[in-house]
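Here's the structure we're looking at; comments come further down.
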Amino acid sequence: MELKANHTSLLAETATLTRTRSRLGTPSTLSCSPTGGSTFLHGPSLTIPRKKNGVLDDVRSNGWLDAMRSSSPTHKKISMDVGHGVASSEADAAYLTWLLEFPSALSSFEQITNCAKGKKIALFLDYDGTLSPIVDNPDRAYMSDKMRAAVKSVAEYFPTAIISGRSREKVHEFVGLTELHYAGSHGMDIIGPLRESVSDNHPNCIRSTDKKGKEVNLFQPAADFLPMIDEVRMLLVECIRDIKGAKIENNKFCVSVHYRNVDEENWDLVAQRVYDIMKDYPHLRLTHGRKVLEVRPVIDWDKGKAVTFLLESLGLNDDDDVLAIYIGDDRTDEDAFKVLSEVNKGFGILVSSAPKESNAVYSLCDPSEVMEFLKSLVAWKSNSLE
Ligand SMILES: O=P(O)(O)OC[C@H]1O[C@H](O[C@H]2O[C@H](CO)[C@@H](O)[C@H](O)[C@H]2O)[C@H](O)[C@@H](O)[C@@H]1O
């Protein structure tokens with residue numbers, strides 16, 4: 001039996017498994033001001049230390065390898081002892097305990113819609129691991145037609161944006177819906193509605209046209225870095241060429257170094273090769289995703305800033321009656337969760353099937369639960385309009 005069958009009763013069952021509930025608290029205190037979540041632990045420092053004696057000392061001592069090993073917890077669903085409703089392993093018990101701190105957005109749906117009453121919902125969706133399941137080949141991370149239909153329906157009721165680490169063009173191609181707003185390269189490439197106050201406030205925001213010839217605002221705060229990023233991408237392609245399974249992905253303002261398909265014994269080699277290139281580019285930094293190293297410009301911009309920018313572009317940032325919901329699965333999504341709770345404008349929903357520290361308030365287990373959540377939002381909104 002899967003956890004999804006009945007979150008509430010399972011949570012009650014497992015309450016006895018933990019003595020930490022009172023310490024953790026639950027968003028039942030959320031009322032209509034959804035802030036909270038815990039402080040996100042950013043993990044190992046990502047600054048690059050000077051080179052030491054041995055070749056691999058750098059990547060070991062700076063924590064890259066540890067971060068690589070913990071970057072994508074094994075996907076699992078809770079298995080339960082049939083007929084007993086108790087968690088069948090310590091990992092399951094840990095997950096159920098974690099759910100007390102980050103309750104399912106599905107079982108908390110009524111609480112969420114109570115918060116949303118009388119408010120304008122704006123929806124922000126990450127792509128990989130949120131709308132599409134994680135797969136070995138990043139070029140084939142397609143979302144299902146059912147998911148596409150769910151995203152299309154939700155966008156009919158609420159302004160909806162995709163915020164991805166991929167290039168904007170690529171994620172738009174995968175999603176294939178023109179009615180959404182898109183931010184690629186972790187928010188460093190945004191097309192938003194034309195709004196003069198926004199281009200006045202952001203020097204890198206220019207007037208442009210989208211694929212349909214409609215006038216839009218194009219915001220690319222890292223435009224000056226493009227030649228450097230291209231140069232580093234080409235160096236990275238060369239330097240990992242002989243490592244079986246390693247793959248470089250061009251995300252325009254970022255470069256992804258994938259190691260999902262590399263033998264674990266060669267991960268340190270991937271890390272060291274990337275490190276050896278990065279050390280000559282102090283204006284670039286590295287972040288960790290799910291079995292991916294991401295090289296990006298050192299600028300004060302992330303998915304959190306992209307959410308703020310998009311809210312401004314949608315004319316929603318000054319309204320008190322806005323509820324922004326951000327759904328994502330990755331470390332980079334934490335910046336967005338954090339911003340929403342800081343400005344008290346909404347909350348994050350972390351997609352994870354394993355316990356993680358997060359700035360999110362709620363959780364969903366996997367993309368199938370994300371789809372269920374989107375469909376529930378549509379049903380709730382259309383019923384409320386009848
Ligand atoms: O911000 P996102 O939309 O979540 O993008 C983050 C990265 O996602 C992709 O990589 C991840 O998904 C791949 C396909 O399932 C998987 O093979 C890979 O191991 C994951 O890290 C994408 O390929 C990256 O470029 C994005 O930065």
Side-chain angles (χ1 to χ4, degrees), residues 67-75 123-144 147 151 160-176 180-190 222 229 232-233 236-237 240 245-264 267 270-271 274 284-297 301-307 310 326-337 348-353 356 358 360 364 366-368 370:
M68 286 168 82
R69 290 199 180 103
S70 64
S71 76
S72 192
T74 316
H75 181 89
L123 210 53
F124 298 94
L125 305 168
D126 167 56
Y127 182 75
D128 288 281
T130 297
L131 298 181
S132 68
I134 293 294
V135 293
D136 284 347
N137 183 352
D139 295 334
R140 302 185 65 80
Y142 304 124
M143 66 193 262
S144 66
M147 179 65 97
V151 175
T160 302
I162 307 288
I163 305 192
S164 172
R166 293 194 184 248
S167 74
R168 177 171 48 76
E169 285 84 359
K170 183 73 171 271
V171 76
H172 192 155
E173 189 188 313
F174 273 158
V175 176
L180 311 179
H181 308 287
Y182 290 90
S185 309
H186 294 292
M188 286 181 278
D189 189 6
I190 306 180
I229 290 281
V232 166
R233 179 171 46 77
L236 288 168
V237 168
I240 57 101
K247 182 181 169 74
I248 302 298
E249 185 180 0
N250 179 357
N251 287 331
K252 192 159 183 171
F253 295 104
C254 321
V255 184
S256 290
V257 183
H258 291 278
Y259 58 91
R260 180 171 296 278
N261 302 316
V262 175
D263 274 353
E264 195 166 341
W267 286 4
V270 175
V274 175
L284 300 181
R285 67 187 175 111
L286 185 118
T287 55
H288 292 269
R290 300 181 68 172
K291 304 259 190 286
V292 67
L293 301 174
E294 312 211 61
V295 177
R296 47 154 105 190
W301 199 263
D302 52 37
K303 287 186 171 184
K305 297 249 168 39
V307 166
L310 278 160
Y326 187 109
I327 312 180
D329 72 314
D330 219 339
R331 287 191 191 191
T332 56
D333 299 312
E334 292 294 335
D335 295 315
F337 300 157
I349 301 177
L350 175 67
V351 183
S352 181
S353 58
K356 275 185 192 172
S358 179
L364 290 166
D366 57 21
S368 69
V370 173

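For ligands, and for the atoms within them, numbers begin at 1 and follow the listed sequence.
- When each atom of ligand 1 is checked for a heavy atom of Ala141 under 4.0 Å away, the hits are 14 (C), 15 (O).
- Arg260 NE, 2.6 Å is the protein heavy atom nearest to atom 19 (O) of ligand 1.
- Counting heavy atoms only, Glu294 comes closest to atom 27 (O) of ligand 1 of the residues Lys247, His258, Glu294.
- Interface atoms of ligand 1 facing Val292, defined by a heavy-atom separation under 4.0 Å, are 21 (O).
- Taking a cut-off of under 4.0 Å to the non-hydrogen atoms of Tyr127, the atoms of ligand 1 that pass are 3 (O).
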Pair Asn251-Ser256, side chain to side chain contact (heavy atoms under 4.5 Å, CB included): steps then yes or no: CA-CA 7 Å; Asn251 287 331; Ser256 290; 2.9 Å; yes

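- Scanning the protein for heavy atoms near atom 20 (C) of ligand 1, the closest one is Arg290 O, 3.2 Å.
- Any N or O atom pair closer than 3.5 Å counts here, and Thr332 shares no such pair with ligand 1.
- Short contacts between ligand 1 and Asp136, defined as distances under 4.0 Å to a heavy atom of the residue, involve ligand atoms 17 (O).
- Ring geometry for Tyr259 versus Trp267: interplanar angle over 60°, hence perpendicular rather than tilted (30 to 60°).
- In terms of polar-atom proximity, defined here as any N/O pair under 3.5 Å, Asp333 makes no such contact with ligand 1.
- Between the choices Asp128, Thr130, Asp126, the shortest heavy-atom distance to atom 9 (C) of ligand 1 belongs to Asp128.
- Here's the thing with Asn251: one of its N/O atoms is less than 3.5 angstrom from an N/O atom of ligand 1.
- Looking at Val135, Leu125, Asn137, it is Val135 that brings a heavy atom closest to atom 17 (O) of ligand 1.
- The Ser256 neighbourhood of ligand 1 comprises atoms 24 (C), 25 (O), 27 (O), with distances under 4.0 Å to a heavy atom of that residue.
- Ring planes of His172 and Tyr182: parallel class, angle under 30° (limits at 30 and 60°).
- Scanning all protein heavy atoms for the shortest distance to atom 23 (O) of ligand 1 gives Glu249 OE1, 2.5 Å.
- Protein heavy atom in closest approach to atom 3 (O) of ligand 1: Ser164 OG, 2.7 Å.
- Counting heavy atoms from C-beta on, the side chains of Glu334 and Ser358 come closer than 4.5 Å.
- Ligand 1 is approached by Lys303 to a heavy-atom distance shorter than 4.0 Å.
- Ring geometry for Tyr127 versus Phe174: interplanar angle under 30°, hence parallel rather than tilted (30 to 60°).
- Just one of Asp329, Asp330, Asp128 meets the side chain to side chain donor-acceptor pair (under 3.5 Å) condition when paired with Arg290; it is Asp329.
- Close N/O approach between Ile163 and ligand 1 is not found [any backbone or side-chain N/O within under 3.5 Å].
- Contacts with ligand 1 closer than 4.0 Å are made by no heavy atom of Cys254, backbone or side chain.
- Close contacts between ligand 1 and Pro133 involve ligand atoms 15 (O) [criterion: under 4.0 Å to a heavy atom].
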